[in-house]
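Take a look at the structure set out below.
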Amino acid sequence: MTLIAQIKTATEAALKSLFPDTDFPGNIVTVNQTKPEFTGDYTVVLFSMVKILRKKPDEIGTLLGQQLLQDNSDLFASYDIVSGFLNLNIQDKFWASFLLNHFNDPHFGEKPKKDRRVMVEYSSPNTNKPLHFGHMRNIFLGYAVSEILKATGNQVIKANLINDRGIHICKSMIAWMDYAEGATPDSTGIKGDHLVGDYYVRFNEVYKQQIKEQVAAGKDEKQAEKEAPIMLAAQELLRKWEAGDTDTRNLWKQMNVWVYKGFNVTYKKMGIDFDKFYYESQTYLLGKSIIEEGLQKHVLFKKEDGSVWIDLTEDGLDQKLLLRGDGTSVYITQDLGTAKLKYDEYKLDQSIYVIGDEQNYHMQVLKLIMQKLKEPSAPGIHHLSYGMVELPSGKMKSREGTVVDADDMIAEMVSLARTQTEEAGKTDGFSQDELQALYEMIGLGALKFYLLRVDPKKKMIFNPKESIDLHGYTATFIQYAHARICSILRKEGYEKMPKNIRFQTFQLTEVLLPAEKKLAVMLEQYCSIVDDAARELNPGTICNYSFQLAQLFNSFYDQHSISHAENTEKKHLRLMLIIMTASILRHSMRLLGISLPEKM
RNA sequence: GGUCUCGUAGCUCAGUUGGAUAGAGCAACAGCCUUCUAAGCUGUGGGUCUCAGGUUCGAAUCCUGACGGGAUCACCA
């Protein structure tokens, strides 16, 4: 149980024994960390009790303070009442025993495994172009949320639904057929996803040009858009694909393989993995059976032309098409099918979709339809919506090539890490391989942290002209604090983290200094931070915490010597503090997919 | 127009069951390396929490309205 929870429970118990005849509502006790300008560690707010007890806050505080001290003498050292707030001082020996129990636990912050299955779908790229900066936010978010949910005991399935069919693929295909002259990744040395993406851009160039020509020849613009030869060719290709035309399918397979190879290189570089892949070419026909059932249950209805609809006007939305008159699927049809497929396969308690906020409406409709159809998967559907990453000039558009490419971005960050390390003259004692690994750790860490530290639901603006910082509120800062701790531990003879320890006999006799206590308090809070992050599905919570912890450590490091502590007791105490700090930094960053170096 | 969402320091952002004098980082300025890594530490300046009402002992936080930005409302995916 976390300390705040303990204090809450103790306070509730104290209230009960003080006022046995009073009925208290469940949320009567609020416990906060005491503001730095007051003495105390944790604070109970007294105002909420005034009305029920018909006593003055200070009077309640005195009674409560005395009772708490009397019942929990091992926990509370003293209390202090300041204008309606009961400030409690925690016994130093509580912190000492907390450290002894947990300082060497690499799993501190995790919860026991439970039988709750969660699927997190993320990345879910189209196969007509390479990944860009916006995708990275999605991917890092999905990965981090998965890891955070695992740490809180969930069984997590990381899923990637690859959108490998549709008109956009055909666009790349037709441009490749017309202009590539048989170019392949091998023949050109271009990464497969980039090669295919180049022809997607090429398609749009040609398309624009053809529209221009047709408009010049007197057609109106809408007509020109519809009748541009290259667009007609792409649509024809899609028809052939759906009819199963061998040549078309072969080219499609070929180009997709190029793209997958490229994606895998990028995923690997990012340190991202998946447990399950779905391919839209295999799922796009799903959902029709659900619709059939829906018709029988009269949840859905058919129009004269044979198209199938659902009426969501009672829910404040519109009528929504679920199946075309000719019986073919639309986007939401296959999503209904995939949702059911996921559930049937894994019996999911929760199914999280990491998808941009532009699809809020779509996801709302999806969940609503599943609810109305009484599908068992419906309650678990959850849209983890995140804001778009925009450039100062506006949205990124891959059609127009105004995107920040993922591979480029990673390379740039790694190179930035190298430059800054070299400038700082910190390359001594590393082999070339070690340096390369370090640069990747720093560059990629900075990138991930930059994208994860902001609340997912907020859109963010990224200025490519300003490089991502390696100072201040960054992963680098945390990595640096970790490297410093490791350096101390190396000098103290702990090459690897000490297994068990000479501190078993540790006895606290001296008063904790402010900087020591602050660190201990912060360390103790880690469990509830992980909990918060899991509940809110927000890795930013972890970023905040880890940065603050690293900051506290740096400040501590500046004030107090560890190796040359005043005496053995202090030395052991501080070693426990920094060992646990390093351990939690590592753990928390692992949840975000960020590694920490032992030297930098 | 309907629905959703955001608005906090010059910039980027924290601040979640309403709690004490609203916090970080960057940028600016001033200090700190003979002692465990200065990618660090300490300090200074910088705020009408968009605005106006309301609820409350107490509001950046909850409610209503206004203003401003964004998304969405396809037989596209």
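Naming: A, B, ... by sequence-line order, numbering from 1 per chain.
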query: Contact class for A/Asp532 (heavy atom, under 4.0 Å): base, sugar-phosphate, or nothing?
result: nothing
- prompt: Is any side-chain N of the basic residue among A/Lys457 and A/Asp455 closer than 4.0 Å to the acidic one's carboxylate O?
  reply: yes
- request: Using the C1' atoms only, state how far B/rC49 lies from B/rG23, rounded to an integer number of Å.
  value: 12 Å
task: Could you work out the separation of B/rG19 and B/rG58 based on their P atoms and round it to a whole Å?
output: 14 Å
query: Under 4.0 Å: is that the gap between some side-chain N or O of A/Lys458 and OP1 or OP2 of B/rG7?
result: yes
task: Select base, sugar-phosphate, or nothing to describe what A/Phe477 touches, counting heavy atoms under 4.0 Å on all strands.
output: sugar-phosphate
- prompt: Within the structure shown, what part of the strands sits under 4.0 Å from A/Thr328 by heavy-atom distance: base, sugar-phosphate, or nothing?
  reply: nothing
message: Using a 4.0 Å heavy-atom cut-off, does A/Lys320 contact any base of the nucleic acid, only the sugar-phosphate backbone, or nothing at all?
response: nothing
query: At under 4.0 Å between heavy atoms, what does A/Phe85 touch on the DNA or RNA strands: base, sugar-phosphate, or nothing?
result: base
- prompt: With sugar-phosphate meaning primed atoms plus P, OP1 and OP2, does A/Thr421 contact a base, only sugar-phosphate, or nothing at under 4.0 Å between heavy atoms?
  reply: base
A/Glu280 or A/Thr541, whichever maps to the more 5' nucleotide of RNA chain B: A/Thr541
task: May I have the distance from A/Asn32 (atom CG) to B/rU17 (atom P), rounded to whole angstrom?
output: 9 Å
- prompt: Taking atom C1' of B/rC13 as reference, at what distance in whole Å does atom OH of A/Tyr545 sit?
  reply: 21 Å
- request: May I ask you to say whether A/Glu566 pairs ionically with A/Lys571, meaning some side-chain N is under 4.0 Å from a carboxylate O?
  value: no
- prompt: Taking the six-membered ring for Trp, are A/Tyr450 and A/Phe133 parallel (under 30°), tilted (30 to 60°) or perpendicular (over 60°)?
  reply: tilted
message: Below the 4.0 Å mark, does B/rG70 have OP1 or OP2 next to a side-chain nitrogen or oxygen of A/Lys459?
response: no
- prompt: In the strands shown, is B/rA71 matched to any nucleotide by a Watson-Crick or G-U wobble pair with both distances under 3.5 Å, and which?
  reply: B/rU3
field: Separation of the P atoms in B/rC11 and B/rA27, to the nearest angstrom
entry: 16 Å
- request: Send over the distance from A/Leu552 CG to B/rA24 C1', rounded to a whole Å.
  value: 12 Å
message: In whole Å, measure the gap between the P atoms of B/rG2 and B/rG46 for me.
response: 43 Å
- request: Using whole Å, report how far CG of A/Asp469 lies from C1' of B/rC11.
  value: 12 Å
- prompt: How far does CG of A/Leu15 sit from CD1 of A/Ile28, to the nearest 0.5 angstrom?
  reply: 7.0 Å
message: At less than 4.0 Å, is any side-chain N or O atom of A/Lys51 found next to OP1 or OP2 of B/rU56? Yes or no.
response: no
- request: Look at all strands and tell whether A/Asp326 reaches a base, only sugar-phosphate, or nothing, counting heavy atoms closer than 4.0 Å.
  value: nothing
statement: A/His471 atom NE2 is separated from B/rA24 atom C1', nearest whole Å, by 17 Å
field: Short side-chain N/O contact from A/Arg535 to OP1 or OP2 of B/rU17, under 4.0 Å
entry: no
field: C1' spacing across the pair B/rU42 / B/rC6, given as an integer number of angstrom
entry: 36 Å
query: Across the strands shown, which category fits A/Ser385 at heavy-atom distances under 4.0 angstrom: base, sugar-phosphate, nothing?
result: nothing
- prompt: Aromatic rings A/Phe547 and A/Tyr473: how do their planes relate, parallel, tilted or perpendicular, breaks at 30° and 60°?
  reply: tilted
message: What contact category does A/Met600 fall into here, base, sugar-phosphate, or nothing, at under 4.0 angstrom with non-hydrogen atoms?
response: base
field: Near-parallel close stack of A/Phe38 and B/rA20 base (under 5.5 Å, under 30°)
entry: yes
message: Taking pairing as Watson-Crick or G-U wobble with both contacts under 3.5 Å, can you name the mate of B/rU55, or confirm there isn't one?
response: none
query: Syn or anti for B/rC62, taking syn as within 90° of 0?
result: anti
- request: Give a yes/no on whether any side-chain N or O of A/Arg324 is located under 4.0 angstrom from OP1 or OP2 of B/rC76.
  value: yes
query: Under the 3.5 Å rule, do the base of B/rU5 and the side chain of A/Lys457 count as making a donor-acceptor pair?
result: no
query: Can you tell me how far P in B/rG10 sits from the matching atom in B/rC4, rounded to whole Å?
result: 32 Å
task: Report yes if at least one side-chain N or O of A/Tyr480 is closer than 4.0 Å to OP1 or OP2 of B/rA39; otherwise report no.
output: yes
message: Applying a 4.0 Å non-hydrogen cut-off, can you work out what A/Val45 is touching in the nucleic acid: base, sugar-phosphate, or nothing?
response: base
- request: Name the pairing partner of B/rA60, where a pair is Watson-Crick or G-U wobble with both distances under 3.5 Å, or state none.
  value: none
- prompt: A/Ser555 side chain N/O closer than 4.0 Å to the phosphate oxygens (OP1, OP2) of B/rG40?
  reply: no
query: Mind checking whether A/Trp252 and A/Trp241 have parallel, tilted or perpendicular rings, split at 30° and 60°?
result: perpendicular
field: Any A/Ser563 side-chain nitrogen or oxygen under 4.0 Å from OP1 or OP2 of B/rC36
entry: no
- prompt: Please give, in whole Å, the distance from B/rG23 P to A/Gln33 CD?
  reply: 14 Å
statement: For A/Ala565 and A/Arg574, the nearest pair of non-hydrogen atoms, with its separation, is CB-NH1, 3.9 Å
query: At under 4.0 Å between heavy atoms, what does A/His383 touch on the DNA or RNA strands: base, sugar-phosphate, or nothing?
result: nothing
- prompt: Contact class for A/Lys599 (heavy atom, under 4.0 Å): base, sugar-phosphate, or nothing?
  reply: base
- request: Mark yes or no for a side-chain to base donor-acceptor pair under 3.5 Å between A/Thr43 and B/rA20, with no hydrogen or angle criteria applied.
  value: yes
message: Rounding to an integer number of angstrom, what distance separates B/rU56 and B/rG18 when you compare their P atoms?
response: 16 Å
query: Is A/Gln551 near enough to B/rG25 that one of its side-chain N or O atoms lies under 4.0 angstrom from OP1 or OP2?
result: yes
- prompt: Touch check for A/Asn27, heavy atoms < 4.0 angstrom, all strands: base, sugar-phosphate only, or nothing?
  reply: nothing
- request: Could you check which nucleotide pairs with B/rG46 in any of the strands shown, counting Watson-Crick or G-U wobble with both distances under 3.5 Å?
  value: none
Same-atom distance (C1') from B/rC26 to B/rA9, integer angstrom: 12 Å
query: Is there a donor on the side chain of A/Glu358 or the base of B/rU72 sitting less than 3.5 Å from an acceptor on the other?
result: no
query: Donor-acceptor pair, A/Asn138 side chain versus A/Ser123 backbone, under 3.5 Å?
result: yes
field: Chi angles and distances behind the salt bridge (charged side-chain N to carboxylate O under 4.0 Å, His left out) call for A/Glu236, A/Arg239
entry: CA-CA 5 Å; A/Glu236 173 58 22; A/Arg239 272 191 292 277; 3.3 Å; yes
message: Using a heavy-atom cut-off of 4.0 Å across all strands, would you classify A/Lys35 as base, sugar-phosphate, or nothing?
response: base
